[in-house]
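Scroll down for the structure; my scribbles are underneath it.
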Amino acid sequence: MSSGIESVLTETRVFPPFPNLVEGAAISGMKEYQALCDEARQSPDDFWGRLARENLNWTKPFSQVLDESEAPFYRWFADGEMNVSANCLDKHLATPTANKTALIFEADDGKVTSVTYKELHARVCKFANGLKSLGHQAGERAIIYLPMSIEAVVAMQACARLGIIHSVVFGGFSSKSLHERTVDVGATLVITADEQVRGGKSIPLKNAVDEALSMGGCEAVSHVVVYKRTGGPVQWNEGRDIWMNALSEGQSDQCEPVSLNAEHPLFILYTSGSTGKPKGVQHATAGFLLWALLTVKWTFDAKDSDVFWCTADVGWVTGHTYITYGPLAAGLTQVVFEGIPTYPNVGRFWEMIQRHKVTVFYTAPTAIRSLSKAAEGSPDYHPREYDLSSLRIIGSVGEPINPEAWMWYYTNVGRERCPVLDTWWQTETGAHMITPLPGVTPLKPGSCTLPLPGIAAAVVDEAGEPLESGKGGFLVVQRPWPGMIRTIWGDPERFKKSYFPSELKGAYLAGDGAQCDADGYFWIMGRIDDVLNVSGHRLGTMEVESALVSHSLVAEAAVVGRPDATTGEAVVAFVVLNGPLPEGAEAAKVAKQLRDWVAKEIGPIAKPKDIRFGENLPKTRSGKIMRRLLRVVAQGESVTQDVSTLENPAILDQLSQAW
Ligand code: WTA
């Protein structure tokens, strides 16, 4: 758990809601919020049933709200039918939203392209017809490995329209990770681009797909559809590969959305767990969209006039919920950004807010921390140099936001007139769970405040008993909600074990530690398992360990997290080589080799910041690695704990040297 916790627990500042945001808000005032919470508690089925009828268009109405007969495999609205793409696009066509801008795409080099809802609908239909012409249909799985682009949204929406279950793989993942996911999901289709462009540099994507598909086990993939982003060189596999624009060309701009069962999987998104193998988190059609849409309405208090900008990549859940699905279902205009916040300079985000008159801005603490540092060093690109007066709400997601970063964001970006919404949620929860509401919640820097109506969040002990305020414990959700994970793709046992351990009396175990204060506010204290959070990206320590030990030089490895002022946590690896202990230049060389290896095996985000070599690892006499001690060593502190159970205490000194 991070060292920010002490400062969090002594935080006493409170910021009441801004009166101009209370009036007319989707949920306006504490009384209205409480009334919704009460309705949900007293009669959850009526509550969720009402919201599902009011917010979604059904092709076949449901007769049952929640089916708990096979809990924890909950089923929502299970005999109903609908289509997600129809609920994001078609439903706007007969309204003035049809001619409203849906996406404002800004490329890495600053070029802007916009599409209206009507145009986006036509592009999705054409592409879906193209996929159909290749023989792809509902129930198949598609890997999407695309850069941030209008095409990425088109590809996901087209899959949803046909009932093809997409699994988006972040463009920063290596061919090895891509291969692993392609095999696990049993993909028949891959949608990618020739290259992606970030910070002025082109990085190949199609090559990585070719590499992944040649690794074996992907024989089911019959087509690779390629979006031409740069025109850079690609290998071409006749009969399998097809250009995205060629596929859409000449297709009809009408494509009947497939009426799908509410529980039909909408997507599978891989995320890290505490074992080496990433988990394919499976989300369902109706429940996911309902929760995505409701949270856009409630948390961001969506208004027709909003220009919404979520800076996440569609490779992560935030990009699914708050780019591809939620904002479109709400009919919002949104900004989609291809590049990085530091190119061509560190004012890029602020300049884009100014240029596109963004009203709701949603980003990650890691971006806030690094941009605040950068802004202090480059006064010309400080947010105060830009006109940010269009903003009314600013949000944060992905990791705890420490009070210092919160205050900087609130003061310099929000100019003390926009609430900072610290939204707690996970890939598994589908959308926000615990978050302030602009028209309701007094803010406390560092707290994600209160659960949304219908979300029975609690802090409990090992036996599932609720803890009193001020006591740290496990964050759980005691009642199911529509946007929740349905299962882990191909591994229902792991789903049950990871999220519904029997001790917790049927509650959903989030994997985070938390505590509530006397006002019932939640304070998240970091992961309770072997999952790290590096720049808001989830990373299993075991994943990095298995990548390291798969290198021929490595005999053994242990990976821990260390608090980091910019990235939240940093990866520190303790490595035992097969050969002698390396020193000096040799150690630095091997460390670099191993870092590059991890980047190739998983992706650059997993690269260890520090590598320490030792002749052994600190182990108990029974051979268990003492990670607790490694965490202390990783922080550069001296070990004061009792090490009498250690077989080899001297090893700790050796391991304190970084390369
Ligand atoms: C962490 C991202 C504190 C948490 C949407 C969670 C947070 C994990 C917050 C999920 C927050 C996310 N405050 N911690 N506001 N939001 N986390 O699946 O540890 O990529 O379990 O989903 O990020 O990460 P994931």
Side-chain angles (χ1 to χ4, degrees), residues 1-2 4-5 8 11 168 170 172-173 267-274 278-283 288 291-292 295 299 310-323 326 362-369 394-403 405-406 409 420-436 441 443-452 457 459 472 474-477 483-485 488 498-499 508-515 521-540 561 563 567-569 605:
M1 294 191 191
S2 87
I5 287 167
V8 159
E11 182 58 51
V168 184
F170 173 56
F173 277 124
F267 67 84
I268 296 159
L269 184 59
Y270 285 84
T271 189
S272 295
S274 44
K279 312 187 260 202
V281 172
Q282 180 181 319
H283 278 287
F288 172 81
W291 200 217
T295 53
T299 311
C310 162
T311 68
D313 190 286
V314 289
W316 310 110
V317 73
T318 309
H320 283 60
T321 310
Y322 298 108
I323 295 176
Y362 191 35
T363 196
T366 194
I368 298 163
R369 287 191 299 263
I394 55 179
S396 162
V397 58
E399 45 179 321
I401 176 164
N402 46 309
W406 194 104
Y409 194 31
V420 172
L421 307 180
D422 176 2
T423 61
W424 178 85
W425 60 296
Q426 311 175 289
T427 305
E428 293 87 342
T429 67
H432 302 159
M433 299 292 280
I434 310 179
T435 174
T441 326
L443 307 171
K444 300 185 190 181
S447 168
C448 54
T449 75
L450 301 170
L452 286 169
V459 178
F474 302 123
L475 178 58
V476 298
V477 186
M484 71 193 298
I485 175 177
I488 293 176
S498 315
Y499 302 112
Y508 165 84
L509 176 67
D512 279 343
Q515 71 174 59
Y521 275 43
F522 285 74
W523 300 78
I524 307 294
M525 301 163 74
R527 299 285 307 186
I528 52 166
D529 51 12
D530 292 323
V531 173
L532 306 183
N533 195 326
V534 180
S535 298
H537 302 320
R538 262 164 81 169
L539 204 59
T567 57
E569 269 186 305
I605 47 168

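First listed ligand is number 1; within each ligand, the first listed atom is number 1. Keep in mind it's a predicted model, so treat the numbers as computed, not measured.
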Checklist entry - Listed by chain and number, what are the ring-ring contact (aromatic ring centres under 6.0 Å, His included) partners of Tyr270, not counting sequence neighbours? => result none
Next on the checklist: Distance alone, cut at 3.5 Å: any donor-acceptor contact between the side chains of Thr441 and Tyr521?
Outcome noted: no
Checklist entry - Partners of Thr318 by side-chain hydrogen bond (donor to acceptor under 3.5 Å, both in side chains), sequence neighbours excluded? => result none
Checklist outcome for this item: Taken in chain and number order and not counting sequence neighbours, the residues that satisfy salt bridge (charged side-chain N to carboxylate O under 4.0 Å, His left out) with Asp512 are Arg527
Next on the checklist: Please report whether the ring centroid of His432 lies less than 6.0 Å from that of Trp424.
Outcome noted: no
Next on the checklist: What does the 4.0 Å heavy-atom contact list look like for ligand 1?
Outcome noted: Val317, Thr318, Val397, Gly398, Glu399, Pro400, Asp422, Thr423, Trp424, Trp425, Gln426, Thr427, Asp512, Ile524, Arg527, Asn533, Arg538
Next on the checklist: In the structure I gave you, are the side-chain heavy atoms of Thr567 and Ser535 within less than 4.5 Å of one another anywhere?
Outcome noted: yes
